[in-house]
2 protein chains.
Amino acid sequence: MRDGSPLAHTQWRLGILIAQIARRWRARLDQRIAEYGLTEARWLCLLTISRGGEGMTQKDLAARLLIEGPTLVRTLDWLEAEGLVLRREAPHDRRAKTLHLSAKARPLIQRIETAATGVRAEILAGIPDADLAACLSVLERVATGLAVPAPAPPPEEASDGYRPA
Amino acid sequence: MRDGSPLAHTQWRLGILIAQIARRWRARLDQRIAEYGLTEARWLCLLTISRGGEGMTQKDLAARLLIEGPTLVRTLDWLEAEGLVLRREAPHDRRAKTLHLSAKARPLIQRIETAATGVRAEILAGIPDADLAACLSVLERVATGLAVPAPAPPPEEASDGYRPA
DNA sequence: CCGCAATATCTAGCTTCCTCATCATGAGGA
DNA sequence: TCCTCATGATGAGGAAGCTAGATATTGCGG
């Protein structure tokens, strides 16, 4: 597993590294946004609607957020009750609903974006653009690789004596 | 915010990118470990004890995992009931307890490490070592920057008319 | 026109993981 | 001894995810 070479060792840390970055990054952003009663799932929802062009259906949004329908329903319920999001009937499919931001949501999203930009600036301060670009391209690639459902469920031979109970 | 340049646009995506990678990565690993009844919080706990040298107190572990005491107590309760972790009284402080892995836990940890290595190999397949190393060094730096509690809570002047309700 | 599968959303129920407030006990200094 | 802080446990509760099943709508085949 760890063969001693610096790259291998750091690779071994990569998973934990990314997980911790994601967690602390979000925590820091949450800290500054929490006063509006928003949590990660909620502001991610708002931002995604804002970026996606405000006419997407719930199914579209769920797909973008990588969550299931029922999970999204509750988040939207909250956002709608809060007067931030509107559910309208979709023009050509009465089953579906399109999502829109209220006037009240727009300044809020501005604040979220501002906070996000601030946090990002703090975090990335002093890192050369070239390094950053390289890192981003790797991450994009990783994300793409992760987007496909699953490569192959390995056979998993049991040779260490452990039994799942 | 978005000025149109490719770097700026991708930078803007960086937070979401890392969050999604972390999430999907964990989901993929969870899939393969779930059969042992383990969840993220639980195997992270095991791995951290294993790496940390098996004598740490609960407080130490909580600090490493970035969670609060009560959260850890429950996870440890489960792990202890499962016979994977032992709580022993600390030698010089009867309030504290030191954490140790049982013999049953060791092969399980091996399996977790194996699964983690497999997932990592899938995810990083085809990415040149040099790019990866560059990316890792940026991430290490980001993680370090995030480790310090908080740079400065900004004054946050309200000029957009939004009120927190 | 009618039946039926697929689709979009919602409801209900469950699990995991986290938090805060509070408590019992032990440690350590005045 | 007494007071204060530290460690871990417990209770209550919230956020957010899932699956399964219900309901309404769409659109196709006969």
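Just so it is clear, the structure is predicted and the values come from calculations on it, not from any experiment. To find a chain, count down the sequence lines: A is the first, B the second, and so on, and within it residues start at 1.
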Handout entry: Distance-only donor-acceptor test, A/Arg95 side-chain atoms vs C/dT7 base atoms, 3.5 Å
Key = yes

Problem - Short side-chain N/O contact to C/dC18 OP1/OP2 from A/Arg23, under 4.0 Å - result: yes

Fill in the blank from the handout: Separation of D/dT10 atom C1' from B/Trp78 atom CH2, nearest Å, is 21 Å

Practice task
Quickly, which of A/Arg87, A/Lys97, A/Arg74, A/Arg88 forms a salt bridge (Lys or Arg N to Asp or Glu O under 4.0 Å) with A/Glu80? Name it, please.
Solution key: A/Arg87

Practice task
Output the single nucleotide from D/dC18, C/dC20, D/dG8 whose closest atom is nearest the side chain of B/Glu68.
Solution key: C/dC20

Practice task
First locate atom CG of A/Leu101, then atom CG of A/Leu79, and finally report the distance between them rounded to the nearest 0.5 Å.
Solution key: 9.5 Å

Practice task
Report the distance from atom CZ of B/Arg87 to atom P of D/dT7, rounded to the nearest whole Å.
Solution key: 16 Å

Handout entry: Backbone N/O of A/Thr98 and side chain of A/Gln58: donor-acceptor pair under 3.5 Å
Key = no

Problem - Value in whole Å for how far the C1' atom of D/dT10 lies from CG of B/Leu72 - result: 14 Å

Exercise for the section: Take the protein atom NZ of B/Lys97 and the nucleotide atom C1' of D/dA9, then report the distance between them rounded to whole Å. Expected result: 8 Å

Practice task
Send over the distance from A/Asp60 CG to C/dT9 C1', rounded to a whole Å.
Solution key: 13 Å

Exercise for the section: Among C/dC10, D/dA9, D/dG17, find the nucleotide with the atom closest to the side chain of A/Thr71. Expected result: D/dG17

Exercise for the section: Check whether any side-chain N or O of B/Arg74 sits under 4.0 Å from OP1 or OP2 of C/dT19, and answer yes or no. Expected result: no

Problem - Sub-4.0 Å heavy-atom contacts from residues 39-50 of chain B onto DNA chain C, ordered by number - result: B/Thr39, B/Glu40, B/Ala41, B/Arg42

Problem - A/Arg94 side-chain N/O to D/dA24 phosphate OP1/OP2 under 4.0 Å - result: no

Exercise for the section: Return the nearest nucleotide to the side chain of A/Asp77; candidates are D/dA9, C/dT11, D/dT7. Expected result: C/dT11

Problem - Distance below 4.0 Å between B/Lys59 side-chain N/O and D/dT7 OP1 or OP2 - result: yes

Fill in the blank from the handout: Checking N1-N3 plus N6-O4 or O6-N4 for Watson-Crick, or N1-O2 and O6-N3 for wobble, each under 3.5 Å, the partner of C/dG3 is D/dC28

Exercise for the section: Describe the nucleic acid contact of B/Thr57 in one word from base, sugar-phosphate, nothing, applying a heavy-atom distance below 4.0 Å. Expected result: sugar-phosphate

Practice task
Please answer whether the main-chain N or O of A/Arg42 pairs with a side-chain N or O of A/Thr75 as donor and acceptor at a distance below 3.5 Å.
Solution key: no

Completion exercise
B/His92 NE2 to C/dA27 C1', in whole Å, measures 14 Å

Problem - Between C/dT7 (P) and A/Glu89 (CD): distance, integer Å - result: 21 Å

